[in-house]
2 protein chains.
Amino acid sequence: MENGKTGDKRHLRSIMTRQKLLEAAKEIFLEEGYQAALISQMIKRANIGYGTAYVHFKGKEDLLIVLMENVMEQFYEIAETFFFPKSKDEAKHIINRQANAFLKMAEAERNMMQVFEQAIGISTIISDKWKAIRMKFIQRISQDVAYAQQNGLARTELNHELVARGWFFTNEMYLWEIVRNEHQSSVEEISQTITSVYVEGLYV
Amino acid sequence: MENGKTGDKRHLRSIMTRQKLLEAAKEIFLEEGYQAALISQMIKRANIGYGTAYVHFKGKEDLLIVLMENVMEQFYEIAETFFFPKSKDEAKHIINRQANAFLKMAEAERNMMQVFEQAIGISTIISDKWKAIRMKFIQRISQDVAYAQQNGLARTELNHELVARGWFFTNEMYLWEIVRNEHQSSVEEISQTITSVYVEGLYV
DNA sequence: CAAAGAATATGACACAGTGTCAATAAGTTA
DNA sequence: TAACTTATTGACACTGTGTCATATTCTTTG
């Protein structure tokens with residue numbers, strides 16, 4: 001007996017069922033997109049009874065949320081970069097790296113992000129999840145701008161909160177462009193260009 | 001007989017029916033949002049027979065598209081401002097005015113824009129409509145950046161297309177914030193701040 | 001101006017998908 | 001092995017959509 005609990009085949013089976021469904025759901029979401037994906041398809045693909053799905057999840061939305069959590073984590077990690085530049089150039093370098101990492105995520109997780117984008121438009125809960133990520137980034141950037149202002153690196157007449165939002169928004173929209181595969185230029189060129197305008201516009 | 005056609009009560013009635021349905025649809029969309037709005041509700045509100053709705057429109061999506069056309073027009077008008085600045089300061093002034101007008105639209109049409117935002121996430125056709133507006137703006141801005149570069153007003157080492165997108169994206173995201181009523185600052189302060197960072201970052 | 005014809009409107013119906021729940025199966029405990 | 005607990009199941013009721021044969025209303029024609 002490897003754990004305290006006595007034999008627990010039942011619980012194990014339940015976990016397997018849940019897992020099977022999650023995997024099937026991911027496949028269907030990727031194949032069909034959020035809107036067109038049907039719970040009934042997922043159930044069929046997972047080879048479980050119809051009602052079973054509703055034992056494990058409240059519905060389509062609930063399933064996607066679980067699937068997204070993974071991707072979310074990665075975003076949170078990016079948001080937590082250190083930022084204590086000593087010069088405008090150093091700042092530019094750090095900022096460029098972060099913007100780049102952010103956009104690279106879009107490429108790496110493109111397929112799930114496509115589903116996610118659709119879901120944001122439809123499901124309030126999922127939209128809120130994304131808003132939380134956005135807020136985290138904006139707060140972080142806002143703090144960084146304030147730091148740069150306090151250290152005489154950035155123009156102080158600007159509202160750092162507003163600047164932070166504006167900067168994040170540019171990044172976010174490029175992220176969605178990349179997700180949709182609508183971007184012409186390389187991620188490197190994009191992050192360099194937007195970083196350049198931003199840093200030259202904000203820093204002194 | 002005021003027009004060439006002979007008596008045409010039938011056609012007139014048809015137009016009235018269509019109109020009644022459009023008005024009811026607008027009400028329902030505003031009350032319920034795109035997703036939750038039901039065709040059946042609209043039909044009931046318009047006091048017409050169930051099947052009649054499908055004579056005039058293909059479905060919910062089709063109804064919204066017609067309702068949006070009006071708002072769309074206003075955006076196109078904003079996109080068509082003249083831009084031939086002689087100095088950085090003049091450029092800043094024009095750009096600020098345009099950003100402001102753009103964001104003011106969000107305030108003015110907030111309710112319909114909220115419905116629109118949801119619909120963009122769901123309906124391909126509506127999403128395409130918005131993309132067309134975005135493209136129009138980006139093309140216009142792109143052209144303006146190129147003009148400024150050619151006249152020695154803006155840094156030439158930057159890809160004007162990429163800069164234009166970045167700048168529009170900031171504007172667009174603030175637009176949606178305003179639509180969702182999530183903005184803290186006044187539209188004036190927002191447009192001034194983002195314009196300042198943009199112009200200082202791009203112009204020499 | 002009545003009958004034929006054309007345009008419009010109608011709602012019953014078939015269909016698709018969802019979520020629930022009483023019944024059943026499978027596993028655990030004593 | 002009987003009693004109990006947990007997990008699974010699919011038939012069913014429900015909601016909303018889009019279609020289509022039929023009815024209504026108006027226009028034209030002889």
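Only a predicted model underlies this, so the values are computations on that prediction, with no experimental measurement involved.
- Looking at heavy-atom distances under 4.0 Å, Ser14(A) makes contact with sugar-phosphate atoms alone, never a base.
- Ring orientation note: the planes of Phe29(A) and Tyr34(A) are close to parallel, at an angle under 30° on the 30°/60° scale.
- Atom CD of Gln184(A) has 12 or fewer heavy atoms from other residues, nucleotides or ligands within 6.0 Å.
- Ring pair Phe168(B)/Phe137(B) is parallel by interplanar angle, where below 30° counts as parallel and above 60° as perpendicular.
- The separation between Ile39(A) atom CD1 and dT9(D) atom P is 15 Å, rounded to whole Å.
- For the pair Phe57(B) CZ and dT19(D) C1', the interatomic distance rounds to 18 Å; values are reported in whole Å.
- Separating the CZ atom of Arg18(A) from the C1' atom of dT8(D) is a distance of 16 Å, rounded to the nearest angstrom.
- Judged by closest nucleotide on DNA chain D, Ser40(B) is the one of Ser40(B) and Arg10(B) placed further toward the 5' end.
- Within the 4.0 Å cut-off from OP1 or OP2 of dA7(D), not a single side-chain nitrogen or oxygen of Thr17(A) is found.
- Between Glu172(B) and the options Lys131(B), Arg165(B), Arg134(B), a salt bridge (Lys or Arg N to Asp or Glu O under 4.0 Å) holds for only Arg134(B).
- Below 30°, between 30° and 60°, or above 60°: for Trp130(A) and Phe116(A) the angle between ring planes is above 60°, a perpendicular geometry.
- Counting to the nearest Å, the C1' atom of dT8(D) and the NZ atom of Lys20(A) are 11 Å from each other.
- Per the geometry, CG belonging to Asn47(B) stands 13 Å off C1' belonging to dA9(C), to the nearest Å.
- Ile43(B) places its CD1 atom 14 Å from the C1' atom of dA12(C), with the value rounded to the nearest Å.
- Under 4.0 angstrom from either OP1 or OP2 of dT8(D) there lies at least one side-chain N or O belonging to His56(A).
- When the nearest nucleotides of DNA chain C are assigned to Tyr54(A) and Tyr50(B) by heavy-atom distance, the more 5′-ward of the two goes with Tyr50(B).
- Straight-line distance from the CE atom of Met16(A) to the P atom of dT6(D): 21 Å, rounded to whole Å.
- One atom, CG of Leu12(A), and another, P of dT5(D), lie 22 Å apart when rounded to the nearest Å.
- In terms of polar N and O atoms assigned as donor or acceptor, the side chain of Arg13(A) never comes within less than 3.5 Å of the base of dT8(D) in a complementary pairing.
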